[in-house]
Amino acid sequence: MREAPIGVFDSGVGGLSVLAEIQHLLPNETLMYVADCGNVPYGEKTPAFIQQRCSVMADFFQQQGAKALVLACNTATVAGVADLRRDYRDWPIVGMEPAVKPAAAATRSGVVGVLATTGTLQSAKFAALLDRFATDVKVITQPCPGLVELIENGDLHSAELRQLLAGYVEPLLAAGADTLILGCTHYPFLKPMLRQMIPADISLIDTGAAVARQLQRLLAERELLAAGPAREAQFWTSADPLHFRNILPILWNTSGVVRSFNR
Ligand code: DGL
């Protein structure tokens with residue numbers, strides 16, 4: 001069981017930013033990744049639809065013999081993680097949510113901006129997160145429709161992307177935010193562009209590394225950490241595998257087999 005793979009999924013390529021953190025922290029682990037690119041973006045879908053996709057992914061990874069599941073997607077987590085934990089009681093499941101707590105601790109101006117999907121920002125789970133950790137700071141939320149679609153096309157540099165991103169970020173800076181939460185797993189791929197766009201003293205906070213550490217904790221508790229060596233990562237996509245194969249080298253630094261996911 002220790003050498004069994006870890007299942008990771010996202011609506012698309014965004015979760016690769018989390019997968020990289022997992023591989024960095026846990027290099028002995030064998031990784032499997034499903035990109036639900038046929039249904040991206042999740043950010044504009046109903047919670048019921050996303051819950052159903054979460055359960056398809058969980059069933060798939062159970063069949064693959066995965067020893068743990070990672071929802072490398074904030075939008076899927078707010079909609080689906082509670083149901084998954086109820087339905088798969090003894091399975092280590094790691095979800096993720098925008099890093100409100102560390103951002104509230106880090107801000108000096110007392111203003112935090114959150115970039116995330118509409119689905120995440122409208123969820124009850126996100127409202128609860130603000131109630132719990134953001135009572136002493138001002139939090140400004142910014143849904144970012146369109147960013148995910150461009151990143152899904154492997155676009156990390158175009159003028160169109162820059163203009164869209166600037167339109168989302170500039171009002172947050174104008175309102176005094178000194179800390180920006182990247183509350184969607186696609187957005188860490190925009191860090192190089194963001195860094196050119198914003199002053200150096202603005203902090204960018206994402207949760208990929210924290211997710212990897214939480215996964216490590218859960219596996220260690222159950223004595224499930226692999227001794228290695230890891231087998232090659234495997235990828236599935238619910239859209240065109242050829243497209244995914246072309247994008248993969250832009251967002252992921254090692255090789256992997258890509259297959260079609262038809263569920
Ligand atoms: N990457 C996802 C997240 O972390 C969702 C992007 C989308 O499909 O809208 O929220």
Side-chain angles (χ1 to χ4, degrees), residues 7-22 33-54 56-57 69-82 84 93-100 102-103 113-127 129-130 141-156 161 164-165 168 180-191 194 204-212 214-215 235-240 243-244 247-248 250-252 261:
V8 181
F9 80 92
D10 178 39
S11 61
V13 299
L16 294 171
S17 67
V18 180
L19 199 71
E21 298 286 358
I22 295 173
Y33 183 92
V34 176
D36 198 7
C37 300
N39 293 300
V40 73
Y42 278 2
E44 309 296 321
K45 302 278 192 305
T46 63
F49 177 84
I50 299 168
Q51 281 153 12
Q52 189 251 332
R53 293 311 289 164
C54 286
V56 167
M57 299 299 163
L69 177 68
V70 178
L71 282 68
C73 177
N74 295 265
T75 315
T77 301
V78 296
V81 77
L84 290 181
I93 297 177
V94 182
M96 60 195 302
E97 49 198 16
V100 173
V114 188
L115 303 164
T117 68
T118 309
T120 297
L121 296 175
Q122 283 179 351
S123 68
K125 215 165 158 38
F126 181 70
L129 203 58
L130 293 186
T141 58
Q142 176 62 65
C144 305
L147 290 184
V148 164
E149 289 87 334
L150 291 173
I151 297 165
E152 286 291 318
N153 283 328
D155 176 2
L156 303 180
L161 176 68
L164 192 62
L165 188 57
Y168 292 143
L180 300 181
I181 298 175
L182 305 181
C184 166
T185 55
H186 284 71
Y187 305 163
F189 292 119
L190 302 178
K191 274 189 198 165
L194 273 167
L204 297 174
I205 302 192
D206 69 85
T207 12
V211 166
Q214 173 65 1
L215 175 64
F235 299 89
W236 286 262
T237 172
S238 57
D240 180 9
H243 177 72
F244 195 85
I247 305 280
L248 197 57
I250 304 173
L251 305 174
W252 178 251
F261 185 80

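Ligands are counted one by one from 1 in listed order, and the atoms in each one are counted from 1 as well.
Where the criterion is an N or O separation shorter than 3.5 Å, residue side chain and backbone included, D10 meets it with respect to ligand 1. An N or O contact shorter than 3.5 Å links G43 to ligand 1 by distance. Annotation: E44 places no N or O atom under 3.5 Å from an N or O atom of ligand 1; distance criterion only. Geometrically, ligand 1 and T117 share no nitrogen or oxygen pair separated by less than 3.5 Å.
With hydrogens and angles ignored, the 3.5 Å screen pairs a side-chain donor or acceptor of S17 with a backbone N or O of T185. Side-chain atoms of Y168 come within 3.5 Å of backbone N or O of P145 as a donor-acceptor pair. Without hydrogens or angle criteria, Q51 side chain to A79 main chain gives a donor-acceptor distance under 3.5 Å. Of the possible polar contacts, one joining the K45 side chain to the N39 backbone as a donor-acceptor pair under 3.5 Å is found.
Residue contacts with ligand 1 leave out G14, since none of its heavy atoms falls under 4.0 Å from the ligand.
Residues M96 and Q214 are not in side-chain contact: their nearest non-hydrogen atoms beyond the backbone lie 4.5 Å or more apart. Put simply, the side chain of V81 reaches to within 4.5 Å of the side chain of K125, judged on heavy atoms.
Annotation for ligand 1: atoms under 4.0 Å from non-hydrogen atoms of V40 are 8 (O).
Residue nearest to atom 3 (C) of ligand 1, selected from N74, V18, V148: N74 (by heavy-atom distance).
Taking atom 10 (O) of ligand 1 as the reference point, the nearest protein heavy-atom neighbour is T75 OG1, 2.6 Å. For atom 2 (C) of ligand 1, the nearest non-hydrogen atom of the protein is C73 SG, 3.3 Å. Scanning all protein heavy atoms for the shortest distance to atom 6 (C) of ligand 1 gives S11 OG, 3.5 Å.
The aromatic rings of F244 and F235 sit tilted relative to each other, their planes meeting at an angle between 30° and 60°.
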